[in-house]
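This report refers to the structure that appears directly beneath it.
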Number of protein chains: 2
Amino acid sequence: MAEVAPTQVGSVARALELVELVVGGSTEGMALSEIAKAVGGSKSAVLATLRTLVDFGYLRVVEPGPKYLPGMMLIRLGDLAAAHDPLIAVARPILTQLSEKSGLTIRVARNDNGFPIFIDRVDGPGFVRFYTPLGVRELPHVSSAGKAILAELSDEEIRSVAKECGLVSRTKNSITSFTGLKKEIDHIRQVGFATDDEEDAQGIFCVGAAFFDHFGRCLGAISATGVKTDLTEEQVNNLGKLVIRYADQLTKELHGRKTVRRAI
Amino acid sequence: MAEVAPTQVGSVARALELVELVVGGSTEGMALSEIAKAVGGSKSAVLATLRTLVDFGYLRVVEPGPKYLPGMMLIRLGDLAAAHDPLIAVARPILTQLSEKSGLTIRVARNDNGFPIFIDRVDGPGFVRFYTPLGVRELPHVSSAGKAILAELSDEEIRSVAKECGLVSRTKNSITSFTGLKKEIDHIRQVGFATDDEEDAQGIFCVGAAFFDHFGRCLGAISATGVKTDLTEEQVNNLGKLVIRYADQLTKELHGRKTVRRAI
DNA sequence: AACGGTGTTCGGCAATACCGAACGGATATG
DNA sequence: CATATCCGTTCGGTATTGCCGAACACCGTT
């Protein structure tokens with residue numbers, strides 16, 4: 001089976017795999033045989049597990065078929081988990097205000113050892129043209145939030161993170177060399193905000209800025225995301241200053257202290 | 001133990017109880033002994049389960065102590081579950097627009113046999129002064145969304161729902177008699193929107209309107225929530241018309257068809 | 001220094017979660 | 001129209017494995 005170092009509970013692990021499988025599946029839902037085949041278990045065992053998950057609302061079953069879909073409890077738990085997180089609780093009103101002011105989608109990422117994990121998002125008005133998942137470690141070098149975080153690290157930390165993620169390419173604009181990244185970070189340290197000019201996805205432009213705890217350590221970054229249009233340098237600068245202002249506001253409300261960014 | 005009619009998996013059920021326990025706990029996190037005592041299990045068994053949940057990101061452990069807190073995966077799953085739900089996907093831009101237009105917190109509830117289940121929320125600007133959970137069945141008679149849904153039911157359905165929830169009182173403004181509720185619903189059917197004038201919580205005012213599927217059946221309702229201020233009847237009417245317009249827009253984008261509301 | 005409180009590890013027993021076969025229904029195929 | 005093939009479901013039997021309780025190590029307090 002799977003190599004699990006510490007003591008675990010197998011049936012629970014298998015159940016959680018089922019949840020991820022269904023959540024990652026299509027919006028049509030998944031059938032029992034399909035699920036059993038995917039996880040390589042017997043139909044009867046999978047059925048018992050699915051019933052348990054449905055009982056707790058983690059999944060819901062839609063007739064006819066029976067097909068399994070993500071349940072309401074997941075939304076409830078996600079909402080409660082967000083309410084539990086002090087950072088999200090403080091950040092959300094700020095994200096909302098910045099979204100309204102800029103008309104863009106605003107997200108907040110936590111600094112996870114140099115990697116950004118987006119934990120909340122407030123959509124801008126208009127139809128949502130892109131979807132970015134929450135709660136997962138993202139690539140640091142192709143997102144404005146990630147680069148804003150990187151710019152607050154020491155050079156050796158940056159090198160370590162760059163090595164860990166491999167500086168993989170996502171689009172033709174992605175920065176894939178360490179020297180290129182270093183140059184970019186120098187620029188970020190000068191202007192105080194980071195950009196993502198179609199480096200992660202075609203047609204998407206982002207601006208991000210870091211925020212800090214009361215030790216002056218970078219807790220994460222907020223970013224504004226929109227569809228790429230022809231922005232003048234001045235417009236980018238204005239947006240950058242706006243994002244910085246709200247990031248500073250977040251730092252302040254977290255009783256944090258903004259560090260002097262390392263110039264070189 | 002618990003009386004479980006169909007075949008289930010006990011260890012999974014116990015694990016999910018742990019998740020709910022921790023999510024419902026304080027923001028400080030819960031200790032192992034505390035959790036074991038609460039669920040009435042041995043520390044070793046609970047520890048193994050907790051480790052599994054931590055491994056999957058459902059919980060996270062914070063040192064020192066080890067204390068257990070809701071994990072990032074819950075946020076991720078909640079976000080994915082919301083993205084899976086066609087209603088949420090369609091509704092969110094509309095909620096965002098209405099929130100921006102009205103400056104209020106907008107929510108959308110699904111009609112669950114006459115009961116509202118709020119499944120998404122877009123906060124208005126400014127500090128959030130109230131928190132309403134998502135994904136749980138709420139009382140139908142003390143929320144504007146609930147009453148907007150009720151007004152689309154037949155009279156016997158309303159009576160059935162009223163019996164089921166007992167018309168319990170939440171504030172001194174709560175409607176607790178069936179005749180009072182019937183009168184209120186007649187009014188809602190006339191004006192097309194429902195209000196909640198501090199009937200669920202002191203100082204909170206809401207306006208809600210229903211939306212429909214392509215059979216003309218009431219799928220749910222959206223509502224605008226704000227702090228109670230001295231609103232003139234005209235202002236309430238204007239807000240009501242605004243909410244109706246966005247609810248109708250939602251109906252339209254769901255390829256739904258608005259029913260002629262039953263006058264009497 | 002001895003205590004109550006942690007979290008942790010370990011062995012052993014029995015509960016129980018798994019499997020596979022068999023059934024019934026629905027849909028597709030000849 | 002009959003046959004075949006999928007589906008979901010039920011049901012025992014087996015042994016896997018998840019549970020317990022005791023013992024350990026650790027810290028803070030008394």
Side-chain angles (χ1 to χ4, degrees), chain A residues 1-23 25-71, chain B residues 1-23 25-71:
Chain A
M1 298 282 170
E3 51 283 355
V4 279
T7 48
Q8 275 196 202
V9 183
S11 49
V12 173
R14 266 161 278 171
L16 302 188
E17 282 175 35
L18 292 194
V19 174
E20 289 191 54
L21 185 66
V22 172
V23 169
S26 83
T27 61
E28 309 294 329
M30 294 184 75
L32 171 60
S33 318
E34 197 180 351
I35 298 171
K37 198 164 293 178
V39 299
S42 69
K43 285 191 291 180
S44 46
V46 170
L47 178 62
T49 308
L50 286 174
R51 286 217 171 109
T52 310
L53 292 169
V54 169
D55 248 51
F56 278 79
Y58 282 61
L59 301 180
R60 66 182 227 268
V61 51
V62 52
E63 303 289 352
K67 287 187 174 293
Y68 293 87
L69 284 166
Chain B
M1 298 279 174
E3 50 283 355
V4 280
T7 49
Q8 276 196 198
V9 183
S11 48
V12 172
R14 265 160 282 176
L16 302 187
E17 283 176 34
L18 291 195
V19 174
E20 289 191 53
L21 185 66
V22 171
V23 169
S26 82
T27 61
E28 309 294 329
M30 293 185 75
L32 171 61
S33 317
E34 197 181 350
I35 298 172
K37 198 163 293 177
V39 299
S42 70
K43 286 191 291 180
S44 46
V46 170
L47 178 62
T49 307
L50 286 173
R51 286 220 172 107
T52 310
L53 292 169
V54 169
D55 248 49
F56 278 79
Y58 282 61
L59 300 180
R60 65 181 225 268
V61 51
V62 53
E63 303 288 354
K67 286 188 173 293
Y68 293 87
L69 283 165

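A, B, ... follow the sequence lines: proteins, then strands. Residue 1 opens every chain.
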Protein-nucleotide distance (B/K37, atom NZ; D/dC20, atom P), rounded to Å: 15 Å

Nucleotide D/dC26, atom P - distance to CG of B/L32 in whole Å: 18 Å

Spacing of A/Q8 atom CD relative to D/dG18 atom P, expressed in whole Å: 10 Å

Check: D/dG18 base within 3.5 Å donor-acceptor of B/T49 side chain: no

Min side-chain heavy-atom separation A/V22-A/P70 under 4.5 Å: yes

Expected output: side-chain B/R14 to main-chain B/G10 donor-acceptor under 3.5 Å: yes

Between C/dA17 (P) and A/L18 (CG): distance, integer Å: 14 Å

Touch class at under 4.0 angstrom, heavy-atom based, for B/A31 against every strand present: sugar-phosphate

Donor-acceptor pair under 3.5 Å, B/K43 side chain vs D/dG21 base: no

Check: B/S44 side chain, D/dG21 base, donor-acceptor under 3.5 Å: yes

Separation of atom NZ in A/K67 from atom C1' in D/dC6, rounded to whole Å: 13 Å

Proximal nucleotide (of D/dC7, D/dC20, C/dG7) relative to the B/S33 side chain: C/dG7

Spacing of B/Y68 atom OH relative to C/dG7 atom C1', expressed in whole Å: 8 Å

Worked check of side chain to side chain contact (heavy atoms under 4.5 Å, CB included) between B/Y58 and B/L50: CA-CA 9 Å; B/Y58 282 61; B/L50 286 173; over 6 Å; no

Derivation and outcome, side chain to side chain contact (heavy atoms under 4.5 Å, CB included), residues B/L53 and B/L18: CA-CA 9 Å; B/L53 292 169; B/L18 291 195; 4.1 Å; yes

B/S11 side chain near D/dT17 phosphate (N/O to OP1/OP2, under 4.0 Å): no

Between C/dA26 (P) and A/E63 (CD): distance, integer Å: 13 Å

Side chain of B/S42 - closest among D/dT10, D/dC19, D/dG8: D/dC19

B/R14 side chain near D/dG18 phosphate (N/O to OP1/OP2, under 4.0 Å): no

Contact nearer the 5' end of DNA chain D, comparing A/G10 with A/L47: A/L47

Under 3.5 Å: donor-acceptor pair, side chain of A/S11, backbone of B/S11: no

Integer-rounded Å distance: C/dT6 C1' and B/M30 CE: 15 Å

